[in-house]
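Both counts, for ligands and for their atoms, begin at 1 and track the order of listing. Counting begins at 1 with the first residue of the sequence.
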Amino acid sequence: MASGADAAAAGVAALGISGDGEWAEACPPLRRNLRLLAPDEVELAKMLLNEGQKHLFEHWPEPGVDDDKKRGFFDQVRRLNSNYPGGLVSYIQNAKELLADSKAGKNPYDGFTPSVPSGEVLTFGDDNFVSLEAAGVKEARNAIFVLVAGGLGERLGYKGIKVALPRETTTGKCFLQHYIESILALQEASCKMAEEDGCHKKIPFVIMTSDDTNALTIKLLESNSYFGMEPSQVKMLKQEKVACIADNDARLALDPNDKYKIQTKPHGHGDVHSLLYSSGLLEQWKSEGRKWVLFFQDTNGLLFNAIPSALGVSATKGYNVNSLAVPRKAKEAIGGITKLTHVDGRTMVINVEYNQLDPLLRATGHPDGDANCETGYSPYPGNINQLILELGPYTEELKKTHGAISEFVNPKYTDSTKTAFKSSTRLECMMQDYPKTLPPSAKVGFTVMDTWLAYAPVKNNPEDAAKVPKGNPYHSATSGEMAIYKASSLILRKAGAQIADPVVDTFSGQEVEVWPRITWSPRWGLTFKDVKEKVHGYSSVSQRSTLSINGRSIFLEGLSLDGTLIVNAVDEAEVKLTGHVQNKGWTIQHVDYKDTSEKEEIRIRGFKFEKVEQLEVNYTEPGKHSLSA
Ligand SMILES: O=c1ccn([C@@H]2O[C@H](COP(=O)(O)OP(=O)(O)O[C@H]3O[C@H](CO)[C@H](O)[C@H](O)[C@H]3O)[C@@H](O)[C@H]2O)c(=O)[nH]1
């Protein structure tokens with residue numbers, strides 16, 4: 001059998017490349033190593049030299065030294081080349097253009113004037129909301145959920161994957177479990193509503209991961225039996241990283257720890273579109289008669305409060321694109337949904353990212369930039385990056401674009417000459433930029449809901465959260481958990497229960513409202529109508545109480561709770577909660593975020609529960625039951 005080097009040499013001859021590699025004259029270390037390379041590697045090497053990348057080889061020693069590493073280098077180049085539409089040549093050329101624009105300070109929205117768009121503004125619990133929720137639940141069996149979870153969450157500084165974090169620590173259920181249980185509850189409710197048409201649909205659930213998150217995400221699913229979902233319903237798509245760029249000439253950066261590797265970084269959540277396109281799933285879903293693709297992010301514990309009504313808006317308004325939004329505080333780190341009108345008459349409704357909204361407004365006659373208006377909020381609704389796309393038009397669009405999303409670059413320059421970077425950069429893309437390529441005829445809308453109902457992400461570590469300007473949301477593990485209790489309390493209030501007012505407390509420098517710690521499983525209260533049907537009579541929950549409801553048919557019928565009550569029931573058990581439950585309950589203990597004796601997921605939220613006393617009841621038998629304390 002021929003050795004690798006022999007085969008490579010034969011490949012060089014077969015390609016008609018002159019044996020002494022004259023083409024590599026400009027880079028003697030590469031030229032001396034050519035005989036190690038296979039034919040396709042020679043082509044890749046030529047491409048790199050043509051694109052001004054000879055520095056990648058200049059430190060290469062003579063053949064015989066580190067040969068495996070040199071081949072490993074080309075393995076990586078091959079991967080980077082095949083994972084980017086148009087290969088590395090396109091990547092480098094796109095980078096050169098975007099870097100030149102960035103250096104010149106070119107405004108990506110040149111020629112566009114921003115204005116406040118109009119969309120659907122929903123009021124929780126009114127008749128319109130309830131009927132939209134019903135319409136959304138009905139449509140859910142035609143939906144597909146796509147979770148983008150390739151990000152490391154550097155701002156949070158948590159070592160694990162974010163979807164494994166507890167959504168709240170009363171039950172300790174992680175975000176991924178909550179998402180899966182919510183999708184399964186929707187699936188069941190939707191199929192029930194559509195019984196007359198016969199419904200056998202399982203809602204597909206796609207998770208986009210990256211090398212940073214893939215193995216841990218699979219482990220979390222497998223070690224928990226997919227949290228009750230059929231494993232075949234879940235599809236994993238892994239995004240690849242892209243090459244880092246060291247300078248304005250788009251020279252690729254070598255990994256500081258390994259000179260035979262190109263440094264790589266994530267390309268952004270926009271990759272989800274090209275991965276879905278190349279997976280072939282879109283066509284499959286279309287042939288199965290599915291209709292909606294819902295994209296969402298890793299740590300919004302309130303999201304599923306907003307899904308049924310927002311899907312109802314998409315269905316009733318016929319939106320090709322529907323972005324979920326909340327009122328936005330000026331300078332809050334979420335993009336603003338904006339109508340852009342070009343001097344040539346083109347218009348689009350698009351997310352303008354938070355770092356671009358202020359300069360765009362200033363450049364177009366708004367000297368205060370990104371400022372609150374008389375409502376106390378920015379007039380531009382805040383994009384929470386939950387997108388509902390209509391599958392048919394989405395598939396057609398992706399056939400044209402192959403899922404390529406407009407990219408941007410965000411180099412951190414060392415000084416105002418903009419000639420050098422503090423650290424390497426890379427091209428990035430965002431999933432919410434999908435509408436940028438759509439024709440003007442596309443129906444692009446948005447749906448605004450109250451923040452307390454729909455949006456509480458976990459993004460910031462305690463130290464950074466404490467520095468957030470007063471009045472702006474913390475987006476921390478502390479605020480993320482407290483938001484769950486607030487939303488549950490307000491929903492129960494609206495359903496007629498007496499829920500005590502919150503108290504204000506400060507955890508890790510963050511002042512938050514502490515509501516009674518109320519949580520329920522998605523199959524208990526998927527929509528407001530579900531909750532209303534389960535709250536009767538005069539039920540009340542005191543401020544220091546904890547109430548965890550886990551089961552489908554549990555009814556609050558004149559329950560008065562002052563302490564901790566945990567109710568678990570199988571689906572076939574119908575449980576009435578009445579009477580007065582009183583015990584010492586669970587108290588909230590402050591935790592110092594620097595206290596390494598506490599687990600990281602506790603430290604980042606700044607509190608834990610001391611479980612002093614509780615009443616826990618488990619109904620494992622079908623039939624009618626009553627808890628009358
Ligand atoms: O390469 C990546 C980068 C991120 N993600 C995922 O994308 C989601 C969003 O990431 P971030 O939380 O870091 O997003 P940002 O805070 O930068 O901002 C995004 O989320 C905000 C709302 O939470 C606003 O909507 C904003 O406009 C939007 O870009 C996460 O689920 C993350 O896991 C990936 O899958 N791959």
Glu390 bridged to Lys443 by N-O distance under 4.0 Å = no
For ligand 1, which atoms sit closer than 4.0 Å to a heavy atom of Pro266?
-> 1 (O)
Return yes or no for this condition: an N or O of Gly268 is under 3.5 Å from an N or O of ligand 1.
-> yes
Under 4.0 Å between a Lys/Arg side-chain N and an Asp/Glu carboxylate O for Asp358 and Arg362?
-> yes
Nearest to atom 30 (C) of ligand 1, what protein heavy atom do you find, and at what distance?
-> Asp298 OD2, 3.4 Å
Proximity of Asn351 to ligand 1 by residue part, where a heavy atom lies under 4.0 Å = side chain
Under 4.0 Å, heavy atoms only, figure out whether ligand 1 is touched by the backbone of Ala149, its side chain, both or neither.
-> backbone
Lys486/Glu513 salt bridge by N-O under 4.0 Å criterion = yes
Out of Gln297, Arg155, Arg328, whose heavy atom is nearest to atom 15 (P) of ligand 1?
-> Arg155
Which residue and non-hydrogen atom of the protein lie closest to atom 12 (O) of ligand 1, and at what distance in Å?
-> Lys459 NZ, 2.8 Å
Verify the neighbour count for atom NZ of Lys317: are there more than 12 heavy atoms of other residues, nucleotides or ligands below 6.0 Å?
-> no
Is the NZ or CZ atom of Lys235 positioned over Phe205's six-membered ring, under 6.0 angstrom from the centre and within 45° of the axis?
-> no
Could you tell me whether the side chain of Asp298 and the main chain of Ala149 form a donor-acceptor pair under 3.5 Å?
-> no
Which residue and non-hydrogen atom of the protein lie closest to atom 31 (O) of ligand 1, and at what distance in Å?
-> Val148 O, 2.6 Å
Can you establish whether the number of heavy atoms outside Lys436 located under 6.0 Å from its atom NZ is more than 12?
-> yes
Closest protein heavy atom to atom 35 (O) of ligand 1, given as residue, atom name and distance to 0.1 Å | Gly150 N, 2.7 Å
Evaluate ring-ring contact (aromatic ring centres under 6.0 Å, His included) for Phe227 paired with His178, printing each intermediate quantity in order.
-> CA-CA 9 Å; Phe227 298 110; His178 176 74; over 10 Å; no
Could an N or O of ligand 1 be found under 3.5 Å from any N or O of Met430, whether backbone or side chain?
-> no
Hey, which atoms in ligand 1 end up nearer than 4.0 Å to a heavy atom of Ile384?
-> 25 (O)
Minimum-distance protein heavy atom relative to atom 36 (N) of ligand 1 | Gln239 OE1, 2.5 Å
Test: Glu600 and Arg603 ion pair at under 4.0 Å | no
Would you find more than 12 non-hydrogen atoms of other residues, nucleotides or ligands less than 6.0 Å from Lys399 atom NZ?
-> yes
Between Glu428, Met208, Gln432, Met431, flag the one that comes closest to atom 28 (C) of ligand 1 by a heavy atom.
-> Gln432
Is any NZ, NE, NH1 or NH2 atom of the basic residue among Asp464 and Lys459 found under 4.0 Å from an Asp or Glu carboxylate oxygen of the other?
-> no
Which atoms from ligand 1 have a heavy atom of Ile334 less than 4.0 Å away?
-> 22 (C), 24 (C)
For atom NZ of Lys265, decide whether the heavy atoms of other residues, nucleotides or ligands shown that lie under 6.0 angstrom number more than 12.
-> yes
shortest atom 27 (O) of ligand 1-to-protein heavy-atom contact is with Glu353 OE1, 2.8 Å
Examine Gly151 against ligand 1 and note whether any of their N/O atoms are separated by less than 3.5 Å.
-> yes
Going by heavy atoms, is Tyr455 under 4.0 Å from ligand 1?
-> yes
Nearest-neighbour protein heavy atom for atom 24 (C) of ligand 1, which is reported as residue plus atom name and distance = Asn383 O, 3.3 Å
Contact check: Gly335 vs ligand 1, nitrogen or oxygen atoms, below 3.5 angstrom = yes
Identify, for atom 10 (O) of ligand 1, the protein heavy atom at the shortest distance, and state residue, atom and that distance.
-> His269 CD2, 3.9 Å
Indicate, with yes or no, if the rings of Phe124 and Phe129 have centres closer together than 6.0 Å.
-> yes
Can you find an N or O of Ala333 that's nearer than 3.5 Å to an N or O of ligand 1?
-> no
